[in-house]
Engineer: 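Have a look at this one.
All heavy atoms count here, side chains included; hydrogens, waters and symmetry mates do not.
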Amino acid sequence: MGLFTQILTLPLAPVRGVGWVMERVLEAAEDEYYDPAPVQAELAALEKRLLAGEIDEETFDRREDELLDRLEEIRNFRGQQS
């Protein structure tokens with residue numbers, strides 16, 4: 001960018017700054033939402049609850065399917081990112 005262009009676009013600097021901040025916030029939110037570790041931990045806890053007799057097989061199967069679907073969504077997202 002030349003000096004003249006920088007001077008002309010100076011009033012837009014706050015807008016570009018807000019855009020940059022929003023991109024960073026979005027990246028942080030996606031990193032947290034698409035982190036497989038909490039889902040895997042919940043799967044392990046779910047199995048422990050089944051083995052301890054706290055939940056029945058039907059509840060386990062239903063919740064396990066939801067968590068596995070979530071893991072598949074995470075894998076698909078991470079695959080598209082690469």
Engineer: Identify every side-chain donor-acceptor pair in residues 41-55 under 3.5 Å, counting partners at least two apart or on other chains, and give the distances.
Structural biologist:
unit_1	atom_1	unit_2	atom_2	d
Glu42	OE2	Arg63	NE	3.3
Glu42	OE2	Arg63	NH2	2.3
Arg49	NE	Glu54	OE1	3.4

Engineer: Please give me the minimum heavy-atom distance between Pro36 and Leu71, naming the atom from each residue.
Structural biologist: CB-CD2, 4.0 Å
Engineer: If a pair satisfies salt bridge (Lys or Arg N to Asp or Glu O under 4.0 Å) and one of its residues is in residues 24-35, list it, with sequence neighbours excluded.
Structural biologist: Arg24-Glu27
Engineer: Taking only residues two or more places apart in sequence, or in another chain, which ones meet Tyr34 in a ring pair (Phe, Tyr, Trp, His ring centres under 6.0 Å)?
Structural biologist: Phe77
Engineer: According to salt bridge (Lys or Arg N to Asp or Glu O under 4.0 Å), who are the partners of Glu73, at least two apart in sequence or on a separate chain?
Structural biologist: Arg70
Engineer: If hydrophobic clusters are built from ILVMFWY residues whose side chains come within less than 4.5 Å, do Tyr33 and Leu26 share one?
Structural biologist: no
Engineer: Residues in side chain to side chain contact (heavy atoms under 4.5 Å, CB included) with Asn76, at least two apart?
Structural biologist: Glu72
Engineer: If the condition is side chain to side chain donor-acceptor pair (under 3.5 Å), which residues does Asp56 pass it with, not counting sequence neighbours?
Structural biologist: Thr59
